[in-house]
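One structure is given below, encoded as structure tokens.
Everything quoted here is computed from the prediction, not taken from an experiment. Side chains included, hydrogens not; waters and symmetry mates left out as well; all remaining heavy atoms used.
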Amino acid sequence: MGRACWNSLQRTFPDLARAESQSCQPLIVSPPVIREFIWGEVDCRSSVSIFYHLKLDPQERQKRELRRITVTLTVGGWQQGEGGLVDLMADLPKTHQIAQLPNKSEDKDNDKEKEEKDTAPSANQMHRSSSRPQLDVSGAAIQGNFEERNPTILLPNQSDDISHLALDLGGSLIKLVYFSRHEDQPADDKRKKRMKEKLGFSNGTRRYRILGGRLHFVKFETSKVNECLDFISSKQLHRGGKDSPSWCSGTPAGENATIIKATGGGAYKCADIFKERLGVSLDKEDEMDCLVAGANFLLKAIRHEAFTHMEGHKEFVQIDGNDLFPYLLVNIGSGVSMIKVDGDGSFQRVSGTNVGGGTYWGLGRLLTKCKSFDELLELSQRGDNRAVDMLVGDIYGGMDYSKIGLSASTIASSFGKTVSENKELSDYRPEDISLSLLRMISYNIGQISYLNALRYGIKRIFFGGFFIRGHAYTMDTISFAVHFWSQGQAQAMFLRHEGFLGALGAFMSYEKHGLDDLMAHQLVERFPMGAPYVGGRIHGPPLGDLNEKISWMEKFVQKGTEIIAPVPMVPPGTTGVGGFERPSSRGDSLRSDASTLNIGVLHLVPTLEVFPLLADPKAYEPNTVDLSDHGELEYWFTVLKEHLPDLVDKAVASEGGTDDAKRRGDAFARAFSAHLARLMEEPAAYGKLGLANLLELREECLREFQFFDAYRTIKQRENEASLAVLPDLLMELDGLDEEARLLSLIEGVLAANIFDWGSRACVDLYHKGTIIEIYRMSRKKMQRPWRVDDFDMFKERILGSGELKAKPLKRALLFVDNSGADVVLGMLPLAREFLRRGTEVVLVANSLPALNDLTANELPEIVAEAAKHCDILRKAAEAGGLIVDAMINIQDSPKEHSSSIAPLMVVENGCGSPCIDFRQVSSELAAAAKEADLIILEGMGRSLHTNFNARFKCDALKLAMVKNQRLAEKLVQGNIYDCVCRYERAS
């Protein structure tokens, strides 16, 4: 570095100058203090540099360094890279090249230093590059350990819409996929840090680390391309592409346009308007490559992506990503392409036909004068093809041709009847023509597809393309054709995101997208209100904030939830092809809106893992209640609706009962009611539906309208009341022998589980007494045998039998449920018993609030309070790192006990629901489970609504009081308030 550069920098930052003879390495001073953040920008290596002053000594203003932290920009967020003292001669443009400072002796007097310090330019005066995206470093702060060489810098005011965008521009629709990093700000959580150290886990290493974010799916009509451009512009999506030349070269956007990946014919036709309106260039990707890449990702990464559709019934199919290939992908656009897919990037077009969606739309437009493809489809639902199609019965006097297996209702010739009749086009109903066309084309596509699958020995056929559109009758006709010609050996399957295969594939053509590393358990689909793509329709402009969303809902949501009158019943006797009867929809009726699939927002959560103690993860099904039974579905929808007003009251009260809270509460109630109405009409609209999904949807909807903990005040009150009586309970337990104590502990867990604000019966109890009165009443009714009573088996495992001593347990995972008496008087005393026997105990709680369930962030405080009255809990909590900083009056060091005392730890489960799906749990729970030999699931949500039939590799105890009469009857053939103590040996 030249002397001129040093002198220039010293004139700009005289307070940074140091002796040239000293080391150029950053000083390590504890504790350093952030003085001022200067700027942040994207440099030419697709990384972000953030520059900041580090004040090394609070007492000496002149001892400061200019530091840099560099992070690599990926699809999923910022990946930390190099850092240290600034040495950017080769990295930054000449507009602000800054050399590393040689150290210089401090021979100036303090007054002169102060004068130069005061005259130094501010951050706003510094010359920055005008050609690179600037980061908002206002309010920036270093998070975590200040002494780390590469500290994490939190940018609270930086927009999270740094996104990646890809397009599929088709002849009728524009499909858009974009990624945004909407990750919650990570908290400085000491509990999590200690658990990482103790359990020795990390969030894993990835080729391109993804920190979390969302994949959004949006569609627009191609004829309204300006709406698509407005949407992209409003979210500035075109400014976030990581291949942007303006980011890499320092060239202003107008001189060298940003590049966006695109596929489809419109990538050529619309290139000019994208360049003119947004200043971007479309990088055209091969259409077949994109289709296959998109399909492979969806089938491997999304659990309930594929489904069958027969006679109006939709059934989701679990696809094993390790047994996916080969398959046949039939893309029905204007024409039809049939692609044999053998693996990632390995495929060939093996066949096709020119009779496809364009044929249906073209002939239909000529024959019916319909003005849109969807209008033509709607016509078909009211049609009777017998008016135009020649049937076998028409030829043989209404009789079957049984000798060759053809029924009288079989279509002998599509449109064949019009030849022999002396009628004009105007004499035929457009509805009948549309249905005949739809069947003719669908049946033939289904047959040709099966013949190609037969040719290559393939049994799985996936259909996609704009011709499908989630249209029930179209899927039925194709499914019947494949089923008939294959004699049930092959099945037609469809994809929920089928319209977005090309756009998703184009998105994945970006280098370092990182998505191919994701697994199904790391993707969570959510369905916010007002998403640009809902129910197959576009609902207006993008919503900027919650206030806009609520205003939009107040105007339009109620109309959207009105039940549309069903299409008239399809006349009986209309026909199929090749001898099978016509496909029919459930109830012999179809709804134009009911068949439409909802596409949600895919949340990428790389910290989720499959619970390692599941006996058979592939066969695991969390839901116990079968909502495919319409009676069950109707009952639980009624339960949720009846509970809604009370939930809204609690939510509004938790926010102080303000006018804003009331408005948000009303919006939440409308939104959740709209979800229920949609799902009642089409239970599979959001994917495979279980009771756990419904309960999680409710909690997500609450959070969407910024009610993050509706029962906060109630939980605090119940915790305090329960902690007040805990010392007496522990004293009583200590006076019992071990057998009586173990029974009393299990009784205590079951009795305390009565406190559940999710149960209507329990809510009614709250009005009849205090929490302690209800608990005592519940304890008095604990009489064995319980409805499910495996206590004696459990006792033998813990205490042994006769002279045979029980094998000590190494670690027990206790899944806690409700706050108050449930955890304080139930689960904590049980945990204490395991601790006194030398068993490590891990308390597992929710990551996010749900009803009055406890969270992992709330649990350490409760443990600390309980430990004030119990030496066992105190020492175990210290050993587990829970109360090192929580209790001032405790002098013992945790290190003194860690080797001899079994630790008490707390981990989060990765959920924000009253239930738990063990296919998606937190990394820390997965790590804690690896050495566990007992799990205890407590509460209705985790052990009855879900996981009642789940089997594990270790012993499992499921404890719950049944607080719903219907569930008691269905599950255990009992009554409300019956108890379940189900013990299962390791599977």
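In terms of modelled atom types and a separation under 3.5 Å, the side chain of N296 and the main chain of A293 share no donor-acceptor contact. Using modelled atom types, no side-chain atom of E431 and backbone atom of R382 make a donor-acceptor pair closer than 3.5 Å. Judged by distance alone, with hydrogens and angles left aside, the side-chain atoms of S673 form no donor-acceptor pair with the main-chain N or O of R670 at under 3.5 Å. Here the side chain of T222 pairs a donor or acceptor atom with the backbone of G170 at under 3.5 angstrom. Although no hydrogens or angles enter the test, the distance criterion places a donor-acceptor pair under 3.5 Å between the side chain of D476 and the main chain of E311. Judged by distance alone, the side chain of S434 and the main-chain N or O of P430 form no donor-acceptor pair under 3.5 Å. Between the side chain of N452 and the main chain of S449, no donor-acceptor pair closer than 3.5 Å is present. Under the 3.5 Å distance criterion, the side-chain polar atoms of K417 are matched with a main-chain donor or acceptor of R386. Although no hydrogens or angles enter the test, the distance criterion places a donor-acceptor pair under 3.5 Å between the side chain of S479 and the main chain of H309. Judged by distance alone, with hydrogens and angles left aside, the side-chain atoms of E276 form no donor-acceptor pair with the main-chain N or O of D272 at under 3.5 Å.
Inspection of the T477 and R439 side chains reveals no N or O donor paired with an N or O acceptor under 3.5 Å. Side-chain contact, Y450 with Q491: no donor N or O sits under 3.5 Å from an acceptor N or O. Under 3.5 Å, the side chains of D389 and S414 contain no donor-acceptor pair of N or O atoms. For the residue pair E525 / H603, no side-chain donor-acceptor distance below 3.5 Å is found, with atom types taken as modelled.
Taking the centre and axis of the six-membered ring of F217, the NZ or CZ atom of K175 falls outside the cone set by 45° and 6.0 Å. K219 forms no cation-pi arrangement with F500, by the criterion of a distance under 6.0 Å to the ring centre and an angle within 45° of the ring axis.
In this structure, G687 and R496 approach most closely via the heavy-atom pair N-NE, 3.9 Å. Here the closest non-hydrogen pair linking L278 and S233 is CD2-CB, 4.0 Å.
Counting heavy atoms from C-beta outward, L495 and F307 have side chains that stay 4.5 Å or more apart. Counting heavy atoms from C-beta outward, L602 and R214 have side chains that stay 4.5 Å or more apart. The shortest distance between side-chain heavy atoms of H304 and Y686 does not fall below 4.5 Å. Side-chain contact between F347 and D289 is present, with at least one heavy-atom pair separated by less than 4.5 Å. At a threshold of 4.5 Å between non-hydrogen side-chain atoms, the residues I433 and F415 count as touching. With a 4.5 Å cut-off on side-chain heavy atoms, D283 and I260 do not count as touching. Between R365 and C370 the shortest side-chain heavy-atom distance does not fall below 4.5 Å. Between I174 and D168, every side-chain heavy-atom pair lies at or beyond the 4.5 Å cut-off.
A salt bridge links E682 with K314: at least one charged nitrogen is closer than 4.0 Å to a carboxylate oxygen. The existence of a salt bridge linking D230 and R277 is confirmed by a sub-4.0 Å separation between a basic side-chain nitrogen and an acidic carboxylate oxygen.
In this structure, L291 CG and L501 CG are separated by 6.0 Å, a value rounded to the nearest 0.5 Å. Taking CD of E421 as the start and OH of Y428 as the end, the distance is 4.0 Å to the nearest 0.5 Å. K284 NZ to K261 NZ: the interatomic distance, rounded to the nearest 0.5 Å, is 11.5 Å. How far OG1 of T368 is from CG of L376: 5.0 Å, rounded to the nearest 0.5 Å. How far NE2 of H675 is from SG of C701: 4.5 Å, rounded to the nearest 0.5 Å. Atom CG in L437 sits 11.5 Å away from atom CG in D432 (nearest 0.5 Å).
Counting heavy-atom neighbours within 6.0 Å of Y268 OH, excluding the residue itself, gives a total of 12 or less. A 6.0 Å sphere centred on CD of Q487 holds no more than 12 heavy atoms belonging to other residues, nucleotides or ligands. Residue R303 places its CZ atom among more than 12 non-hydrogen atoms of other residues, nucleotides or ligands, all under 6.0 Å distant.
Checking each of V336, N444, T353, I441 against T359 for a side chain to side chain contact (heavy atoms under 4.5 Å, CB included) leaves exactly one that passes, namely I441. A side chain to side chain contact (heavy atoms under 4.5 Å, CB included) with V330 is found for exactly one of V482, I478, I461, namely I461.
The aromatic rings of Y178 and H216 sit parallel, their planes meeting at an angle under 30°, below the 60° perpendicular limit.
Ring pair Y327/F462: centre-to-centre distance below 6.0 Å.
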